[in-house]
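One structure is given here, and the rest of the page talks about it.
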Amino acid sequence: MESATQSFGFQADVAQVLKLVVNSLYSNREIFLRELVSNASDAIDKLRFRAIEDKSLLEADTPSIRIQTSKENKTLTIEDDGVGMSKDELVKNLGTIAHSGTQHFLKVLEERGGKPDLSLIGQFGVGFYSAFLVADKVDVISRAAGSTEAWRWTSEAKDSFEVAPAEREGHGTTLVLHLKEDALEYTSEWSVKDLVQKYSDFVSHPIEVLTPGYQDEPAKYERANSAQALWKRSKSEISEEQYAEFYKHLTSDWEPPLAQTHFKVEGTQEFAGILFVPKRAPFDLFQRDHRRGVRLHVKRVFIMDDAKDLVPEWLRFVRGVVDSEDLPLNVSRELLQDSRIAQTIRKQVVRKSLDLLDELAKDKAEDYAAFWKLFGAVLKEGLHYEPENKARLAALLRYGSNKLADGEFSSLADYKTRMPEGQPAIYYLTGESRRALEGSPFLETLAKRGYEVLFMTDAVDEWAIEALREFDGTPLVSAVSADLKIEQTEAEKAAQEEKSDALSGLLGAFKTILDDKVSEVRVSSRLTDSPVCLVVPTGGLSAYMERLLKAHERNVPDTKRILEVNPDHGLVRSLRTLHEKDPGSAQLVDFIEVLFDQALITEGSPVADPQRFARRMTKLLESAAH
Ligand code: ADP
């Protein structure tokens, strides 16, 4: 006979998590029950899902979760009729961590110094190990559905664990927690019932707790949760706490959500759901392989997590559950992709999410501001991807501006109420940060006219705003655009022409010297304090966008921009004199090249040849110092 018990080493990450958990003095350790019941519930969900194809797998009519406690043995036992685990699965699932967030989790814990916040534990896919918050030894006896073999996994939270053959009636998993001396309160069936009600009432499978009989009566299992899918209950019956607990169960978040919406749709199609906006951004929000989607049920049966086709990319922060009466039970991700029913659900998910955000913006400005900070950049993507919702999305946009204090944000509608008479457009400027934009020469003329300029500092902004073009009948115009749509008076026009004529010789010299760098040189009406700036011809990319694209190694054609020269600037006037005296002046070439590079620097672009720029600058400074 082969030796029965085998020993396996824990993966290093697991050993580290275990060490943290087992030694922690975490005060809210009762969450272990929520995590373990949640695993048991998932296991039953998985079984029901597999039984759609193979009915023989389902041995019990109503699979349940059963909990019993023993004061004598100092144990707490959680049993489920779920899919169970084979020997290999026990070794893999309970000995390694597949979840990509684990390293991040460990780092977060480390950063918090000696006091790790273990309520994070479920979120990082390591909920099982929370058993060691209250137990110093755990046995897991499991039998995979469809198999006759059972195995026992045992660990004392050391570097290795053991697996040995075992007996178990029926498929499923039994967890025996050998409680720590200071955790014996969990041997009371009352405290267990309380915890089930508090954390797991909405778990959609029966949770039963073994309760001693009265006097001579035998102990019997008593139902401890209502086991009704929360989304099927009427809103008026559900408390905020219940929504919050459901959200935590669903997402393993440790905080309640920022907001939620609970809906039922009846008509040609029937479905219900609850959508949540979290209070914190997940760490993968801007990673390429981010999570997205809601949990899908069909007629209460769990079908899949993260159903991507029900939630668009630009609402990837939305979490929740949708339960359809019309999708087939055997719906797969592929089928979902082409399903008309799924498309209808997706539309409603979008609609309900936007309704929720509208409401938040209207009634809870502070919460909306918090939301916007976290997820605004994601929501903006919708402008591009979903033109049919443009108007609704536009109402949700918020930006800082040259007229708002740092940290203040305005909607486009509010911006419009502040527009002085005659302002022809909503102006905006894109760039890395508020600080980079505040000193921009592009603000000069607009600010002088009393026009407000919105600051757009998210990488997606320029790309997103391009899809909008106008808001409520007013065009959106970039402050770097060649055409600011500002109507000049006849007098202004005449003055500008006069300045152009007077400066034509110098402008010609600019054009000759910068011929390969700019498409045009012209007199500016937008500058007051700066001598020159570069503006973008209609349809061209702004310098900021160009830099962003280049940073992502996209092949971007260089847009030749227009150099605008401020005719009233002292330096420009001196150059004009210099040019008139000696049109072939070598110093004039240096001045013009340096001014061009300066225009690049003020807009945040790199100069092509910094050494040459520095040499020229030194030469000019030297002559000025004489
Ligand atoms: P998570 O549940 O987030 O994946 P856990 O650490 O809680 O992380 O569990 C690890 C894995 O162990 C689960 O993904 C599941 O495959 C398996 N598992 C845990 N508990 C059970 C159970 N009661 N029945 C079947 N499988 C389970």
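Whatever order the structure lists them in is the order used to number ligands and atoms, beginning at 1.
Residue contact check: Phe128 has heavy atoms under 4.0 Å from atoms 5 (P), 6 (O), 7 (O), 9 (O) of ligand 1. Residue Leu94 has at least one heavy-atom neighbour below 4.0 Å for each of these atoms of ligand 1: 12 (O). Under a 4.0 Å criterion applied to the non-hydrogen atoms of Asn39, ligand 1 contributes the atoms 2 (O), 5 (P), 7 (O), 9 (O), 19 (C), 20 (N).
Under 4.0 angstrom from ligand 1, the non-hydrogen atoms of Met85 all belong to its side chain.
In terms of polar-atom proximity, defined here as any N/O pair under 3.5 Å, Asp42 makes no such contact with ligand 1.
At least one heavy atom of Lys46 sits under 4.0 Å from some atom of ligand 1.
In this structure, the ring of Phe132 has its center no less than 6.0 angstrom from the ring center of Phe32. With ring centers used as reference points, Tyr243 lies 6.0 Å or more from Trp231.
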Working note: Trp463 + Tyr385, criterion ring pair (Phe, Tyr, Trp, His ring centres under 6.0 Å); need CA distance, chi angles, decisive distance, verdict.
CA-CA 11 Å; Trp463 174 73; Tyr385 288 127; 5.7 Å; yes
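Atom CG in Leu250 sits 6.5 Å away from atom CZ in Phe276 (nearest 0.5 Å).
When Asn93, Leu47, Leu36 are ranked by how near their heavy atoms come to atom 12 (O) of ligand 1, first place goes to Asn93.
Side-chain atoms of Ser160 never come within 3.5 Å of backbone atoms of Gly9 as a donor-acceptor pair (strictly under, hydrogens ignored). The backbone N or O of His205 lies less than 3.5 Å from a partner atom in the side chain of Asn225, making a donor-acceptor pair.
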